[in-house]
Amino acid sequence: MIYPIIGLGHPTLRKVAQPIDKDYPELDKLIADMYETMYGADGVGLAAPQIDLSIRLVVIGFRPYDEKTDSYGPEAEEHTLINPEILEYIGEKEYFNEGCLSVPDIHEDVLRTEGVRVRWYDEKWELHEEELHGMFARVAQHEIDHLEGKVFTDHLSPLRRTMLKRKMNDVMNNRVRTYYRMKPNKTKR
Ligand code: ZN
């Protein structure tokens, strides 16, 4: 099942999401649906708050880049992160152009560390504590932000945000068209 995605301006995107446990109802189905929703929207990551569920659950899926062949692998590398926690930021900060399914039509360079050490449970409830680098580290930081009620535009300079104000207002007021389904925000009148 494909979930509609909520956009900037929806209150759930600003909440700190709650951890879950093994008893969470139909978790396998929810995880499968989140992957389906993410791929249906051509995303590389999706956090549960983006489908209006304030829980600490993230799915990530991207085709890994191979330097030797200068191409992307055919199979997506997938990671399900339950209750993830960033333990350490590693390495230099660098810019990378990010977008977000909840902030359509906006792509901006965001400064984050190249690496990060993260602890999480996977979909089998096995505990991981790993040092992530590259694309995985980038997407994980973006998605874990969602669990803290943050979006990538929060990382931009005040000047940059001012310049994007109109576009951001368009998202908040449901004036942006997407080829994937979004749940409209309740707009104040
Ligand atoms: Zn996002």
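Read the numbers this way: they start at 1 and go in the same order the structure lists the ligands and their atoms. The figures that follow rest on heavy atoms only: side chains count, while hydrogens, waters and symmetry mates do not.
Around OH of Y72, the count of heavy atoms belonging to other residues, nucleotides or ligands within 6.0 Å does not exceed 12.
As a member of the Ile/Leu/Val/Met/Phe/Trp/Tyr network built from side-chain separations under 4.5 Å, M163 groups with L159.
Sorted by chain and number, the protein atoms of type N, O or S within less than 2.8 Å of the Zn ion (ligand 1) are C100 SG, H142 NE2, H146 NE2.
Taking the six-membered ring for Trp, F136 and H79 have ring centres closer than 6.0 Å.
With no hydrogens or angles considered, a side-chain donor-acceptor pair links Y35 and T80 at under 3.5 Å.
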Counting only pairs under 3.5 Å, give me each side-chain donor-acceptor contact of residues 5-13, with atom names and distances, residues two or more places apart or in other chains.
unit_1 : atom_1 : unit_2 : atom_2 : d
H10    : ND1    : T12    : N      : 3.0
H10    : ND1    : T12    : OG1    : 3.4
T12    : OG1    : D52    : OD1    : 2.6

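The side chain to side chain donor-acceptor pair (under 3.5 Å) pairs that include a residue from residues 82-92 are E88-R117, where partners are two or more places apart or lie in different chains.
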